[in-house]
Amino acid sequence: MRAASAVLAFVPVLAACSPVQEQATEGAETVHCALDNRGQLKPHCLLERDGPAAFTVRHPDGGFRRFGYDGNGLLQPADGADAIGFGQPGETHAEIIVAGDRYRLPSELVDVR
């Protein structure tokens with residue numbers, strides 16, 4: 001009986017650790033990403049638009065990165081700790097790089113002046 005209680009107590013903990021895609025907020029979009037300088041871009045991250053001036057990219061491991069725009073309308077990491085680099089742009093997207101994490105974002109979010 002005690003073992004069954006321990007297993008049942010553990011079930012909610014497992015549910016809390018479900019992948020970020022299962023915890024997606026309404027309106028989130030899937031975007032391609034490659035984290036920690038590893039691998040090819042794959043559709044593993046979620047983009048949550050936080051209004052017209054900010055957005056969050058959520059990683060499948062529960063991590064995230066927030067972005068906003070500076071006074072000139074240029075994209076910046078919200079924490080300001082790491083600079084943004086740019087990868088190969090496409091017709092409908094832009095690739096940005098921050099501290100070894102790469103994201104393929106809709107081009108309307110990125111100004112590459």
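- Annotation: side-chain contact (heavy atoms from CB on, under 4.5 Å) contacts of Asn37 (sequence neighbours excluded): none.
- Under the rule for a side chain to side chain donor-acceptor pair (under 3.5 Å), Asp82 has no partner lying at least two apart in sequence or in another chain.
- Leu105 is listed as a side-chain neighbour of Phe55, based on a closest heavy-atom distance under 4.5 Å.
- Remark: side-chain polar atoms of Asn72 are not paired, donor with acceptor, to backbone N or O of Leu74 under 3.5 angstrom.
- For the pair Val57/Phe64, no side-chain contact is recorded, criterion being any heavy-atom separation below 4.5 Å from C-beta on.
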> Is there a side chain to side chain contact (heavy atoms under 4.5 Å, CB included) between Tyr69 and Leu75 once you walk through the steps?
Replying inline: CA-CA 5 Å; Tyr69 301 93; Leu75 183 65; 3.9 Å; yes
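- Linking ILVMFWY residues whenever their side-chain heavy atoms come closer than 4.5 Å, directly or via other members, leaves Leu41 and Val31 in distinct clusters.
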If you look only at distance, which donor and acceptor atoms sit under 3.5 Å apart when one is on a side chain in residues 84-103 and the other is two or more places apart or in another chain?
unit_1, atom_1, unit_2, atom_2, d
Glu95, OE2, Arg102, NH1, 3.3
Asp101, OD1, Asp36, N, 2.8
Asp101, OD2, Arg65, NH2, 3.0
Arg102, NH2, Gly39, O, 3.0
Tyr103, OH, His59, NE2, 2.7
Tyr103, OH, Arg65, NE, 3.4

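- When the salt bridge (Lys or Arg N to Asp or Glu O under 4.0 Å) test is applied to Arg49, the partners found at least two apart in sequence or on another chain are Glu29, Glu108.
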